[in-house]
Amino acid sequence: MGDMMSNKIKITSDFWCRYRNLVRTEMIPFQWNVLNDTAGIKIEKERLNDEGIPSEKSHAIENFKIAAGRTKGTHYGWTFQDSDVYKWLEAVAYSLREKMDPELEKKANEVIELIADAQEDDGYLDTFYSILGIEYRYQSLAGSHELYCMGHFIEAAVAYYDATGNEKVLNVAKKAADNIDANFGPEDGKIHGYDGHEEIEIGLLRLFHVTKEERYLKLAKYFLMERGKHPDFFREQAKAYKGPNALSGIEKAADSYFQNHKPIMEQDTAEGHAVRVVYMCTALADLAASTNDSEIYEVCKNLWSNITTKRMFITGGIGSTVSGEAFTLDYDLPNDTMYCETCAAIGLIFFARQMLRIEPKAEYAQVMERALYNCALAGMALDGKHFFYVNPLEVNPKKSLKDPGKSHVKPVRPSWLGCACCPPNLARMITSLDDYVYTILDNKVLINQYIASEAVLDINNGSIQIKQSTDFPWDEKDTIEITNKSDEVIAVGVRLPAWSDEVSLKINETDTIVKSDMGYHYIAVRPGESTKVELLFTMPVLRNYCTPLVSEDVGKVAISRGPIVYCLEEVDNGDNLAAIRLPEDASFTYSFNHDLLNGVGVISTSGKKLTCDTSDSLYLVSKPKEEDVSLKFIPYYAWANRGENEMEVWVRE
Ligand code: FUB
Ligand code: ZN
């Protein structure tokens with residue numbers, strides 16, 4: 001089973017370096033100002049009529065200062081406000097891993113001191129209860145997010161320790177985990193329960209990977225396996241609870257909202273809150289990989305298959321309804337009212353990464369790629385300072401404004417969100433993108449993503465060097481130079497892209513027959529040997545159709561090229577995009593436009609548009625006429641960067 005080691009991978013891709021620089025130079029400083037309430041921004045309401053959403057300020061750092069006794073005041077924000085700071089710290093860790101920055105490190109070290117000061121003597125760490133009533137801790141887990149927040153801290157701590165060697169942060173994390181261990185578990189006198197939002201499981205497993213202490217793995221397993229065994233757990237806690245309002249009422253949500261409807265080992269459909277589901281699956285797959293457990297892997301596979309073959313949008317977005325930010329049922333994929341939270345797409349990427357550690361199936365890397373280049377990336381504006389929480393596949397801004405059922409669907413990215421989970425999640429994912437390019441298995445290395453980079457990967461008491469040169473996602477070629485500096489033969493698996501209609505390979509200048517083993521072509525590289533692989537993949541413009549079981553997409557077509565899903569925007573194609581039709585025989589012209597949207601591939605074609613001669617009759621007895629129109633498709637991830645306008649992914653054919 002694959003190991004979660006940390007390797008040296010320098011990303012050189014122009015496409016990704018722009019984003020990574022943006023996170024380093026814009027997002028991290030900007031988010032720091034937001035966390036300190038000095039950014040001077042307007043925080044947008046997520047939806048109409050939801051007064052319960054804190055949206056005045058972040059107050060996240062102030063909460064820590066109060067909990068640490070450095071200032072006076074009270075807690076403000078969500079019960080999980082602490083996690084915004086932790087995700088920021090995690091992004092800083094990866095950013096420092098890529099490029100040391102003494103100023104930033106100093107700031108992060110100060111934050112770690114602050115967190116350590118806010119930690120209770122027994123290791124408990126959560127500003128909400130430290131400020132509002134420590135005696136009530138762990139008693140309202142449906143909504144308190146205490147373990148969720150500590151899970152995020154542990155993830156940040158492991159990443160920061162890994163990047164900088166800072167022992168203090170790891171000790172704070174161990175102390176927090178030890179407190180959790182002392183309070184939860186099957187033993188008498190401990191709480192037999194779990195958090196309302198999975199995340200601690202991911203953190204504990206990461207802590208296990210770095211410390212090798214089995215009890216952290218055991219605790220993660222306990223939390224995973226206990227979930228769903230006591231569906232009344234949250235309600236019973238809520239009945240007895242007398243403490244501060246920790247999202248009270250949330251315990252009344254359906255058990256499935258928390259994946260608490262049945263034991264995990266019996267779950268085979270993705271139910272409830274989408275981010276919770278994929279965080280649970282990430283931990284479950286990590287556990288399966290780390291313990292070589294084929295039964296747990298079976299459960300992961302069932303959930304994976306249900307999500308990716310029945311409940312995932314073409315953009316890699318998941319979550320079909322705003323109500324509970326949740327999955328609904330198979331084939332329910334409404335393009336304009338869906339949720340598709342940025343964090344959920346990121347969680348799916350986490351899940352895919354863990355699945356690759358268990359079985360080298362290209363399908364996992366492909367879904368990862370889909371979610372990465374489409375839904376996740378659409379979560380941030382090209383300026384790195386504006387963010388989507390919800391990522392629609394179809395928007396009419398006027399409806400978002402007037403229809404309460406669509407008020408969660410924003411037509412432009414706000415600069416910050418009252419519930420700010422997504423922006424820092426993007427920051428930590430983009431800064432750690434190097435972790436998603438390769439998977440190292442016993443004597444195998446999988447090349448999952450075509451991302452220009454220079455890597456030195458630890459394997460078999462030695463290393464393997466891999467250099468990828470490509471202008472992906474636009475270019476149809478990846479040149480891969482591999483040098484085996486270990487003492488065993490390494491099988492390097494090059495992923496064969498499913499979106500290409502012709503893949504060819506040259507190995508050391510010689511044409512080679514492409515052979516697929518679960519979607520990878522393996523090349524054996526002997527110790528001391530260097531091999532040059534030229535992977536050529538055509539990237540035709542594809543017409544994608546959806547199974548007719550998805551009623552919203554019947555008779556429609558979506559356009560993609562390589563991993564990129566395309567969309568129509570009003571700014572290029574006029575309003576009322578729904579009136580546009582893309583005939584079956586329309587041919588496409590692809591060109592790269594350096595001056596548009598920071599450089600994007602554009603697809604042009606011709607189509608038809610229904611005309612509206614009269615505005616005084618709603619219903620007509622004759623079919624509206626069609627006119628010829630020129631159409632311009634841009635990458636979905638880049639939509640809403642030119643002001644408020646209509647957008648559509650699925651177009652009538
Ligand atoms: O509950 C914490 C985070 O807030 C979730 O992951 C998001 O979906 C949002 O509800
Ligand atoms: Zn989010």
Stepwise ring-ring contact (aromatic ring centres under 6.0 Å, His included) check, Phe184 with Phe223: CA-CA 9 Å; Phe184 292 86; Phe223 281 132; 5.4 Å; yes
One pair to check against side-chain hydrogen bond (donor to acceptor under 3.5 Å, both in side chains): Tyr297 and Asn302. What are the steps and the verdict? CA-CA 9 Å; Tyr297 181 45; Asn302 290 340; over 6 Å; no
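Side-chain atoms of Leu333 and Met338, non-hydrogen and from C-beta on, never get closer than 4.5 Å to each other. Side-chain contact between Ile318 and Cys340 is absent, with no heavy atoms from C-beta onward closer than 4.5 Å.
Geometrically, Lys410 does not engage Phe388 in a cation-pi contact, judged by NZ or CZ lying under 6.0 Å from the ring centre and within 45° of the ring axis. Geometrically, Arg353 engages Tyr436 in a cation-pi contact defined by less than 6.0 Å to the ring centre and at most 45° from the axis.
Judged by distance alone, the side chains of Glu325 and Tyr339 do bring a donor and an acceptor atom under 3.5 Å apart. A donor atom on one side chain and an acceptor atom on the other are found under 3.5 Å apart for Glu363 and Trp304. For the residue pair Glu120 and Ser130, a side-chain donor N or O sits within less than 3.5 Å of a side-chain acceptor on the partner. A donor atom on one side chain and an acceptor atom on the other are found under 3.5 Å apart for Asp553 and Asn335. Judged by distance alone, the side chains of Asp435 and Tyr94 never bring a donor and an acceptor atom under 3.5 Å apart. A donor and an acceptor atom, one from each side chain of Glu146 and Tyr124, are located under 3.5 Å apart.
When atom types are taken as modelled, the side chain of Glu251 and the backbone of Gly249 share a donor-acceptor pair closer than 3.5 angstrom. A distance-only check finds a donor-acceptor pair linking the side chain of Arg276 to the backbone of Gly196 [under 3.5 Å]. A donor-acceptor pair is defined here as one N or O able to donate and one able to accept, closer than 3.5 Å; such a pair exists between the side chain of Gln449 and the backbone of Ala365.
Classified by interplanar angle (parallel below 30°, tilted 30° to 60°, perpendicular above 60°), the ring pair Tyr148/His152 is perpendicular.
For the ring pair (Phe, Tyr, Trp, His ring centres under 6.0 Å) criterion with Phe258, the lone passing option out of Tyr194, Phe234, Tyr279 is Phe234.
With respect to Glu214 and Lys221, no salt bridge is recorded, no charged nitrogen being found less than 4.0 Å from a carboxylate O. One finds a salt bridge joining Lys190 and Glu187 here, because a Lys/Arg side-chain nitrogen approaches an Asp/Glu carboxylate oxygen to under 4.0 Å.
Minimum interatomic distance between Asn374 and Thr315 (heavy atoms only, all atoms of both residues): CB-O, 3.2 Å.
Remark: Asn306 CG to Asp268 CG distance equals 7.5 Å, nearest 0.5 Å.
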